[in-house]
> 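Structure in structure tokens, see below.
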Amino acid sequence: MRLSAFFRTKKRKIASTICITIFIFSVYYFFFYYQESEMFAGFPVPLAANLVKADQDNKYEEYKWWAASETDSIPLP
């Protein structure tokens with residue numbers, strides 16, 4: 001099957017456009033929405049989170065993030 005034959009129908013064009021768009025947004029979300037923690041290499045921290053307190057002696061960081069709460073926990077991605 002040639003690639004040009006696959007994209008001939010309008011439904012397939014729309015479906016492939018939607019799939020490509022979803023793929024691009026998911027790659028952006030997973031690779032660019034988080035930054036690495038300064039104290040712990042590889043630990044993801046949301047870009048919207050604000051560093052409240054960092055303690056080098058006890059090795060912890062405290063962040064304030066609007067999407068997380070003590071009662072509802074951290075939201076699923």
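Note that the coordinates shown come from a computational prediction; the quantities given were computed from them, not determined experimentally. All values below were derived from every heavy atom in this structure, side-chain atoms included, with hydrogens, water molecules and symmetry-related copies excluded.
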> Can you name the closest pair of heavy atoms from A49 and W65 and give their distance?
N-CD1, 3.9 Å

> Taking atom types as modelled, find out whether Y63 and E61 have a side-chain donor-acceptor pair closer than 3.5 angstrom.
yes

> For N58, give me all partners under side-chain hydrogen bond (donor to acceptor under 3.5 Å, both in side chains), at least two apart in sequence or on another chain.
D55

> Please check if atom CD in E38 has more than 12 non-hydrogen atoms from other residues, nucleotides or ligands closer than 6.0 Å.
no

> With hydrophobic residues grouped by side-chain heavy-atom distances under 4.5 Å, do L51 and Y34 end up in a single group?
no

> Within a strict 4.5 Å, meaning less than it, do heavy atoms of the F40 and K59 side chains meet?
yes

> Please determine whether residues I20 and V27 belong to a single hydrophobic cluster, defined as Ile, Leu, Val, Met, Phe, Trp and Tyr linked transitively by side-chain heavy-atom distances below 4.5 Å.
no

> If you round to the nearest 0.5 Å, how far is CE of M39 from OH of Y60?
9.0 Å

> Hydrophobic cluster membership, with links at side-chain heavy-atom distances under 4.5 Å among I/L/V/M/F/W/Y: are F43 and L47 in one?
no

